[in-house]
Amino acid sequence: MTLRHLEMLVVAAALCVTAVCTAAKPARVTSQQEASTEKSSAEKSPLDYESFKTKVQPIFVKKRGEHARCYACHSQNESFFHLQRMAPGSTTWTEEQTRLNFRSVSHLVTPGDTEGSVLLLHPLAPEAGGDSFHSGGRQFESKDDPDWKTMAEWIRMAKPSN
């Protein structure tokens, strides 16, 4: 196989991954009753909601070098990892939006397993063990990044469901 063929295969695979991630649409809250369900599901999750709210979620709006903030893309798309759009001029999410963000992010996490959690692997540089493609660039060059470590600790703290 020539280098050109290999490059074309890598590009095709990246496009397929992008298409799959974009096609999966998150659930939306359409009533107060569903918002209540979100609250109870967050309370039952093995992942700690308060740690997510205070430590992990702020990472999604943080400026990361030359890269766009996670929020810039993931609040505009309809991918599996979808962040709620903040009100114009706001720099934080409401409680209801935070619960929806928690739900979206929870689908990308294997509680207790940092090596099996897409949330950590997808934006991590391939040289550090991450996925080979992330359209938002390499948010984390290594597992030594303080924000990557914060998310990893949040995932490690969770006890897998039995």
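The figures here come from the full heavy-atom set of this structure, side chains too, leaving out hydrogens, waters and symmetry mates.
- The backbone N or O of His82 sits nowhere less than 3.5 Å from a side-chain atom of Ser75 that would complete a donor-acceptor pair.
- For Ser51 and Asp48, the side-chain atoms include at least one donor-acceptor pair closer than 3.5 Å.
- Taking OG1 from Thr150 and CD1 from Ile59, the interatomic distance works out to 5.0 Å, rounded to the nearest 0.5 Å.
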**Request:** Give the C-alpha distance, both sets of side-chain angles, the deciding distance and a yes or no for ring pair (Phe, Tyr, Trp, His ring centres under 6.0 Å) between Phe60 and His74.
**Result:** CA-CA 9 Å; Phe60 304 144; His74 290 284; 8.4 Å; no
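- Judged by distance alone, the side chain of Trp148 and the main-chain N or O of Ser142 form no donor-acceptor pair under 3.5 Å.
- Remark: of the listed residues Lys53, Gln84, Gln57, Gln57 is the sole one forming a side chain to side chain donor-acceptor pair (under 3.5 Å) with Thr98.
- The shortest distance between side-chain heavy atoms of Arg85 and Gln97 does not fall below 4.5 Å.
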**Prompt:** Could you go step by step and tell me if Phe102 and Trp93 meet the ring pair (Phe, Tyr, Trp, His ring centres under 6.0 Å) rule?
**Reply:** CA-CA 11 Å; Phe102 179 78; Trp93 286 279; over 10 Å; no
**Asked** What's the verdict on salt bridge (charged side-chain N to carboxylate O under 4.0 Å, His left out) for Glu153 and Lys149, showing C-alpha distance, side-chain angles and the deciding distance?
**Response** CA-CA 6 Å; Glu153 180 57 27; Lys149 285 181 171 183; over 6 Å; no
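- Rounded to the nearest 0.5 Å, atoms CG (Leu100) and OG1 (Thr94) are 8.0 Å apart.
- Among all heavy-atom pairs drawn from Ala158 and Pro46, the shortest one is CB-O, 3.3 Å.
- In this structure, Lys143 NZ and Thr114 OG1 are separated by 6.5 Å, a value rounded to the nearest 0.5 Å.
- Leu119 is listed as a side-chain neighbour of Val105, based on a closest heavy-atom distance under 4.5 Å.
- Distance CG/Leu47 to CZ/Phe52: 9.5 Å, rounded to 0.5 Å.
- Counting heavy atoms from C-beta outward, Asp147 and Gln139 have side chains that stay 4.5 Å or more apart.
- Atom-to-atom distance recorded for Leu124:CG and Ser117:OG is 12.0 Å, nearest 0.5 angstrom.
- The closest side-chain heavy-atom distance from His107 to Phe81 is not below 4.5 Å.
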